[in-house]
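Everything quoted here is computed from the prediction, not taken from an experiment.
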Amino acid sequence: MSLTLAEAQEQVDAWISRFEEGYFPPLLMLARLSEEVGEVARVLAHAHGKKPKPGEAAGELDEELGDLLFVLISMANSHGIDLEQAFLGVMQKYQERDGDRWTARQ
């Protein structure tokens with residue numbers, strides 16, 4: 001299934017709108033985002049680090065990245081941000097600022 005960022009934002013909004021509580025307040029949303037980044041870090045440390053905690057489940061990177069994306073989309077929605085436009089703007093910024101920063105592949 002293919003999905004645009006706008007469609008993803010609509011799906012997240014439809015899910016959250018089902019509940020009276022709605023979107024989390026901004027600082028709680030930031031805490032959730034930080035928590036999800038930590039879970040991505042845990043999965044990567046387990047897969048590529050030298051000392052995972054004994055007995056700790058490896059976790060699935062795709063699932064943790066999906067959780068992170070859900071929270072990121074929630075944050076964008078709660079602030080009225082169009083992620084497609086934000087992404088296009090940041091790609092233009094990177095292309096202009098960093099286009100010659102690294103060695104291009106031949």
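Nearest heavy atom pair, residue F24 against residue R32, reads CE1-NH1, 3.2 Å. In plain terms, the two heavy atoms of M29 and S78 that are nearest each other are CE-OG, 3.8 Å. Annotation for G22 and I16: closest pair C-CG2, 3.5 Å, computed over non-hydrogen atoms.
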- Task: Evaluate side chain to side chain contact (heavy atoms under 4.5 Å, CB included) for L28 paired with Y23, printing each intermediate quantity in order.
- Result: CA-CA 10 Å; L28 182 53; Y23 288 98; over 6 Å; no

- Carefully, step by step, assess L65 and L69 under the rule side chain to side chain contact (heavy atoms under 4.5 Å, CB included). CA-CA 6 Å; L65 288 173; L69 183 58; over 6 Å; no

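Side-chain atoms of Q11 and E7 form no donor-acceptor pair, as typed in the model, at a separation below 3.5 Å.
Once rounded to the nearest 0.5 Å, the distance linking CD of Q92 with CZ of F87 reads 12.5 Å.
Looking at E64, its side chain never comes within 3.5 Å of a backbone N or O of E39 through a donor-acceptor pair. For the pair N77 (side chain) and Q9 (backbone), a donor-acceptor distance under 3.5 Å is present. For the pair H46 (side chain) and R42 (backbone), a donor-acceptor distance under 3.5 Å is absent. When atom types are taken as modelled, the side chain of D82 and the backbone of Q85 share a donor-acceptor pair closer than 3.5 angstrom.
Residue D100 places its CG atom among 12 or fewer non-hydrogen atoms of other residues, nucleotides or ligands, all under 6.0 Å distant. Environment of CG in L3: crowded, with over 12 heavy atoms of neighbouring residues, nucleotides or ligands closer than 6.0 Å.
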